[in-house]
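Some notes on the structure that comes next.
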Amino acid sequence: MLSIRSLCKSYAVPVLIDVDLDVAAGQVHALVGANGAGKSTLAKILCGITPFDSGQMTLYDKPYRPTGRTDALAAGIDMVHQELMLVDTLTVAENIHLGRIPNTLGFARQHSMNRAASQVLQQIGIGSLNPATLVGELGVGKKQLVAIAAALANRCRVLILDEPTAALTGSETEILFQQIALLKSQGVAIIYISHRMEEIERLADWTTVLRDGRVAASDRAAALPQSAMVAHMAGESRRMEADRPRQPVHAGDALRVRNLSAGDAVSDASFVVKRGEILGLAGLVGSGRTELLRAVFGADRADSGQVHLGEQAPCRYATPRHAVRAGLAMIAEDRKRDGILSTQTVRTNTTLACLPRMATLRSWIKRRSEESEAIRFVDLLHVRCHNIEQPIGELSGGNQQKLLIGRWLMRGAEVFLFDEPTRGIDVAARAEVHRLIYDLAAQGKGVVVVSSDFDELMMICHRIAVVHRGRIVRDFKLDEMSRHRLVEAAVTGSSAT
């Protein structure tokens, strides 16, 4: 169906180099590689978002060179992006039909649009969602399904899915997999980009591995097991995960949260984090894990309860500014919206929390001080970038995440709150982020990690608290952890002893 030959693309440096790829109808073609390998650039070229420099593409044996997204959609190629391309101020139905809203003399036929949206929502298993709901009112998981619904409504022939399950629950993921099977039976070609190896092994008919902009391997999925994929991605044989951290040896509490409540999402939640301890917060999507972190950090207003940071007096932080001044740091789930300034430089993003320290009495930023600090942390964290003046939006997700951690290390925060710290990053970057978390604990920092991946929490945490309907319902020590117990507690709010 789709053939790519000798495709090249460069920015300041080459990003894609002589890439060859063939995608067959009715198959899932997995595209894997470390962050920065060129996967997203290739996907954007296919969708008409980014032009390529040289090479050729054919679709059904006809030359294919889209000049924009509209061309790609007309040809039947669509993509569900990892960073969701939805408009929060529009309804679910309007987002599904964006660019092709049914109208009469320029006036949208709202009833027809809602009815059509309901049909496609029903098709992917969320028919109960009101198509008139504003997308901005939905959680990340529901937004992901709406984006997938929009692609399905376009009746595409080639569907590109970029980390489609990163924000989905287990049941939502199964619904997606069912839809993929249905699309395959209808002859749709699917390019599946994911760092989750178990999904690749389950879904893929063919796998292509990119490394440093080149095709490192391309073969039937059965001929590329997980170990081979990782070896091709890394370019060397190495251990991809760090060892579990030692039990904390630092004395004293880093953070105590007592009876914290915030709206309907957080109810009478209490937990303690010791200095040098990594505490995991487990739970299903919608359990209140993220809302609990936001209430602690002052990003959401807490109605009652207290936050004790170290030896400071108990309080409730009214804003993130107050929390940051006290010594709290939060690395949010949505890097693009709540973390980075994507058009600003690596330098600006790294030093953002420490600018007063680098300013003169007249509030002018001392450029040399800022540059030297940014370079120091880029080197310390092994961030891959051309230079500190490169826009951070051009970096891979893993490198963006490392710079966000560096921002708060530079600030000197005492307690770090991580919300899905490895979402959407490759296995090598995942191990590096884990090591940074371990280093924070070794320095005596308090660390709280929210993750939908129970296996990840069991691997990196000293202790795991389970959140159910806004409450901490169970607390598991190292020798008590098991996936069965965590899942049971997350689903039912209790656990067998």
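- Under 4.0 Å is where a charged nitrogen must lie from a carboxylate oxygen, and between R463 and D475 at least one such pair does.
- V467 places none of its side-chain heavy atoms less than 4.5 Å from the side chain of V473.
- The pair R430-D453 counts as a salt bridge, with a side-chain nitrogen and a carboxylate oxygen less than 4.0 angstrom apart.
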Begin with the C-alpha distance, continue with both residues' side-chain angles, and end with the deciding distance and a verdict on side chain to side chain contact (heavy atoms under 4.5 Å, CB included) for Y438 and I460. CA-CA 8 Å; Y438 300 161; I460 70 173; 3.1 Å; yes

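- Looking only at side-chain heavy atoms (C-beta outward), V448 and F418 stay at 4.5 Å or farther from each other.
- Residue pairs meeting the salt bridge (Lys or Arg N to Asp or Glu O under 4.0 Å) criterion with at least one partner in residues 54-70, sequence neighbours excluded, are R69-D78.
- For the pair L281 and L293, the tightest heavy-atom approach, listed with the atom from each and the gap, is CD1-CD2, 4.0 Å.
- Panel note: side chain Q400, backbone L395; a donor-acceptor pair is recorded below 3.5 Å.
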Just do the side chain to side chain contact (heavy atoms under 4.5 Å, CB included) check on L86 and L98 with the steps written out, would you? CA-CA 9 Å; L86 299 175; L98 200 60; over 6 Å; no

Is there a side chain to side chain donor-acceptor pair (under 3.5 Å) between H434 and E456? Walk through the geometry before answering. CA-CA 9 Å; H434 287 172; E456 177 180 44; 2.7 Å; yes

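- Scanning both residues, P225 and A222, for their nearest heavy atoms gives CD-O, 4.5 Å.
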Do D205 and K184 pass the salt bridge (Lys or Arg N to Asp or Glu O under 4.0 Å) test, and can you show the C-alpha distance, the side-chain angles, and the key distance before you say yes or no? CA-CA 11 Å; D205 300 294; K184 282 179 60 178; 3.2 Å; yes

Ignoring hydrogens and angles, write down the donor-acceptor pairs under 3.5 Å from the side chains of residues 41-59, residues two or more places apart or on other chains.
unit_1, atom_1, unit_2, atom_2, d
D53, OD2, S10, N, 2.7

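- A salt bridge does not link E480 with R485: none of the charged nitrogens is closer than 4.0 Å to a carboxylate oxygen.
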CA sep, side-chain torsions, deciding dist, call: V32, L210, side chain to side chain contact (heavy atoms under 4.5 Å, CB included): CA-CA 6 Å; V32 301; L210 292 181; over 6 Å; no

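- Between the side chain of K402 and the backbone N or O of H382, at least one donor-acceptor pair lies under 3.5 Å.
- Side-chain N or O atoms of K39 include one that pairs as donor or acceptor with a backbone N or O of G33 at under 3.5 Å.
- Between the H29 side chain and the D22 main chain, a donor and an acceptor come within less than 3.5 Å of each other.
- Looking at D419 and T290, their side chains do bring a donor and an acceptor atom within 3.5 Å of each other.
- For Q401 against T422, the heavy-atom pair with the smallest separation is NE2-N, 4.5 Å.
- Note that CE of M458 is 10.5 Å distant from CZ of F476, once rounded to the nearest 0.5 Å.
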Could you go through D268 and L260, starting from their C-alpha distance and side-chain angles, then the distance that decides it, and tell me whether this counts as side chain to side chain contact (heavy atoms under 4.5 Å, CB included)? CA-CA 5 Å; D268 200 34; L260 199 67; over 6 Å; no

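- In this structure, I472 and V466 have side chains that are not in contact, with every pair of non-hydrogen atoms separated by 4.5 Å or more.
- A donor-acceptor pair under 3.5 Å is formed between the side chain of H462 and the backbone N or O of I278.
- Partners of D219 according to the salt bridge (Lys or Arg N to Asp or Glu O under 4.0 Å) rule, which considers only residues two or more places apart in sequence or in another chain, do not exist here.
- In this view, Y60 and M1, R157 satisfy the side-chain contact (heavy atoms from CB on, under 4.5 Å) rule, not counting sequence neighbours.
- Here T70 pairs with nothing under the side-chain contact (heavy atoms from CB on, under 4.5 Å) rule; sequence neighbours left out.
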Derivation and outcome, salt bridge (Lys or Arg N to Asp or Glu O under 4.0 Å), residues E174 and R202: CA-CA 12 Å; E174 286 301 321; R202 174 175 173 179; 2.9 Å; yes

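- Residues L486 and I464 form a side-chain contact, since some pair of their non-hydrogen atoms from C-beta on lies under 4.5 Å apart.
- A side-chain N or O of N399 and one of S396 form a donor-acceptor pair less than 3.5 Å apart.
- Among all heavy-atom pairs drawn from K143 and L138, the shortest one is CE-O, 3.5 Å.
- The structure places CD of Q27 at 11.0 Å from CZ of R220, a figure rounded to the nearest 0.5 Å.
- Of the inter-residue distances, the one linking I392 atom CD1 with E394 atom CD reads 11.0 Å to the nearest 0.5 angstrom.
- In this structure, the side chain of Q122 does not engage the main chain of S118 through any donor-acceptor pair within 3.5 Å.
- Looking only at side-chain heavy atoms (C-beta outward), V87 and V135 stay at 4.5 Å or farther from each other.
- Rounding to the nearest 0.5 Å gives a distance of 3.5 Å between CD of E420 and OG of S452.
- Taking OG1 of T89 as the reference point, atom CD of E94 lies at 8.5 Å (rounded to 0.5 Å).
- A pairwise comparison of heavy atoms in S451 and R289 identifies O-NH1, 3.3 Å as the closest pair.
- With respect to the salt-bridge test (charged N to carboxylate O, under 4.0 angstrom), the residues R214 and D20 do not qualify.
- In this pair, W408 and F297 present their aromatic rings perpendicular. The plane angle is above 60°, beyond the 30 to 60° band.
- Nearest heavy-atom pair, S194 versus E199, reported as atom, atom and distance to 0.1 Å: OG-OE1, 3.5 Å.
- The salt bridge (Lys or Arg N to Asp or Glu O under 4.0 Å) test applied to D303 returns R301, not counting sequence neighbours.
- Contact check for I193 versus I160: side-chain heavy atoms found under the 4.5 Å cut-off.
- In this structure, CZ on R337 lies 13.5 Å from CZ on R335, to the nearest 0.5 angstrom.
- When side chains are defined from C-beta on, D162 does not count as touching V80, because their heavy atoms never get closer than 4.5 Å.
- Looking at S218 and T207, their side chains never come closer than 4.5 Å, going by heavy atoms from C-beta outward.
- Side chain of R407 to backbone of N349: a donor-acceptor contact under 3.5 angstrom is found.
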